[in-house]
Structures are given as structure tokens and as C-alpha cells.
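Have a look at the structure below, then the notes.
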Amino acid sequence: QVQLVESGGGLVQAGGSLRLSCAASGRTFRNQPMGWFRQAPGKEREFVTAISWNYGSTVYADSVKGRFTITRDNAKNTVTLQMNSLEPEDTAVYYCAATNTVRILTSVSSYDYWGQGTQVTVSS
């Protein structure tokens, strides 16, 4: 059974940083992209960022470009999201996701496996 488990969420002041981690178990995703999505209260889940299996490509939502960085460790089957210069608008539940495709896609429906989510709250 595939499991994605996120960790690292919490409460931080605006301008601060947080680092989220996602550990995958049950199978490896060495040849598939992995990504992060987020969902704020009353809003739909939205794409944040994703990374290709060979680290060659990353895609970021415009709202986080220059502030967030995604990395992965295929040997450990983990993906990490470093979030800097956090803003109150970044407050949401953040979800790790993995897909069976080989291309980086940004739609929620393109991802087959999801973590349970971790809360990130940024105070002003």
C-alpha cells in the first residue's frame, strides 16, 4: 500500500521560513514526478510545485516563484519543500502528491497518490 506522509508544518510569522518533508513508502517514485499542492479554507486545492524524477525540471506556481524550492532524494524516496519569505496568503493545508505519469503536470486530477496534509499557518 502506497503511503505519503508529510511533516514540518506549523505556525510562523510573515517573512519566516518552514521546511516540509514527504516520505513515500510502499513503492518507489524514482521515475515519476512528485509535487506539492495546497488548500486554503473555502478554496479549491491548488498546485504549488513539482519536480521531475531526474531533477532536471521543476515547475512552480507564479505565487511561490522565488520563495519556495522543491528538492527530492530518490535514494530515500523523499521530497522536500523549502518555503521562505512566507506570507499570510500561504496559509493552507499542504499536500504531497505523486503520479504514475512521467511528465510534470499541474492538475489535481493528474496525481494518483496523496498524503494526509500538514497545516501551515502564517501570521501577519
Side-chain angles (χ1 to χ4, degrees):
Q1 182 179 356
V2 175
Q3 279 194 313
L4 302 178
V5 179
E6 303 99 335
S7 60
L11 173 64
V12 65
Q13 288 189 331
S17 298
L18 280 176
R19 185 179 180 90
L20 305 183
S21 294
C22 172
S25 62
R27 62 162 284 185
T28 61
F29 293 96
R30 291 195 181 96
N31 296 318
Q32 286 80 31
M34 296 185 71
W36 291 90
F37 287 73
R38 66 186 182 187
Q39 188 166 18
K43 294 187 176 181
E44 294 187 351
R45 192 170 298 189
E46 65 176 6
F47 173 80
V48 177
T49 181
I51 186 169
S52 65
W53 68 273
N54 61 352
Y55 321 108
S57 297
T58 54
V59 177
Y60 294 92
D62 288 343
S63 58
V64 306
K65 279 181 183 176
R67 301 187 298 121
F68 290 13
T69 303
I70 186 171
T71 57
R72 68 186 292 173
D73 185 334
N74 283 343
K76 296 181 179 179
N77 222 17
T78 60
V79 62
T80 300
L81 180 63
Q82 178 66 42
M83 305 186 293
N84 299 328
S85 302
L86 283 161
E87 303 168 352
E89 293 73 25
D90 296 317
T91 295
V93 177
Y94 282 71
Y95 296 90
C96 175
T99 175
N100 286 321
T101 70
V102 295
R103 296 168 52 204
I104 292 182
L105 300 171
T106 61
S107 64
V108 171
S109 61
S110 298
Y111 288 77
D112 304 286
Y113 307 99
W114 295 86
Q116 82 287 350
T118 185
Q119 177 70 47
V120 170
T121 303
V122 184
S123 63
S124 57

Exercise. Hey, what do you get for OG1 (Thr49) to CD1 (Ile70), rounding to the nearest 0.5 Å?
Worked result: 4.0 Å
For this session: Could you tell me whether a side-chain N or O of Thr99 sits under 3.5 Å from a main-chain N or O of Ser110, the two making a donor and an acceptor?
Result: yes
Exercise. Heavy-atom distance under 4.5 Å between the side chains of Trp53 and Val102, does that happen here?
Worked result: no
Problem set entry | Joint cluster assignment, Leu105 & Met34, ILVMFWY side-chain distance < 4.5 Å | no
Exercise. Tell me, do Met83 and Val12 make a side-chain contact under 4.5 Å, heavy atoms counted?
Worked result: no
Problem set entry | Close side-chain approach of Leu81 to Glu6, heavy-atom, < 4.5 Å | no
Exercise. Side-chain contact, heavy-atom cut-off 4.5 Å: Arg67 with Tyr60?
Worked result: no
Seminar exercise, completed: Applied to residues 11-26, the side-chain hydrogen bond (donor to acceptor under 3.5 Å, both in side chains) test, sequence neighbours excluded, yields Ser17-Asn84, Arg19-Gln82
Exercise. Just how far is it from atom OG1 of Thr101 to atom CD of Gln32, taken to the nearest 0.5 Å?
Worked result: 7.5 Å
Problem set entry | Rounded distance [0.5 Å steps], OG in Ser57 versus CZ in Arg103 | 11.5 Å
Exercise. Other than Ile104, what residues sit in its cluster of Ile, Leu, Val, Met, Phe, Trp and Tyr side chains whose heavy atoms are under 4.5 Å apart, directly or through others?
Worked result: Phe37, Phe47, Val59, Val93, Tyr95, Val108, Tyr111, Trp114
For this session: Verify the neighbour count for atom CZ of Arg27: are there more than 12 heavy atoms of other residues, nucleotides or ligands below 6.0 Å?
Result: yes
Problem set entry | Minimum side-chain heavy-atom gap Gln119-Leu11 below 4.5 Å | no
Exercise. Sub-3.5 Å donor-acceptor pair from the side chain of Gln116 to the main-chain atoms of Val5, do we have one?
Worked result: no
Exercise. Any sub-3.5 Å donor-acceptor pair from Thr78's side-chain atoms to Ala23's backbone N or O?
Worked result: no
Exercise. Nearest heavy-atom pair of Pro88 and Ser124: which atoms, and what distance?
Worked result: CG-CB, 3.8 Å
For this session: Measure across Lys43 and Gln39 and return the closest heavy-atom pair with its distance rounded to 0.1 Å.
Result: O-NE2, 3.1 Å
Problem set entry | Test side chain to side chain contact (heavy atoms under 4.5 Å, CB included) applied to Phe68 and Leu86, step by step | CA-CA 9 Å; Phe68 290 13; Leu86 283 161; 3.8 Å; yes
For this session: Considering non-hydrogen atoms only, spot the tightest contact between Asn100 and Asp112 and give its length.
Result: N-OD2, 2.7 Å
Problem set entry | Side-chain touch Leu20/Tyr94, heavy atoms, less than 4.5 angstrom | yes
Exercise. Which heavy atom of Val64 sits nearest a heavy atom of Val48, and at what distance?
Worked result: CG2-O, 3.7 Å
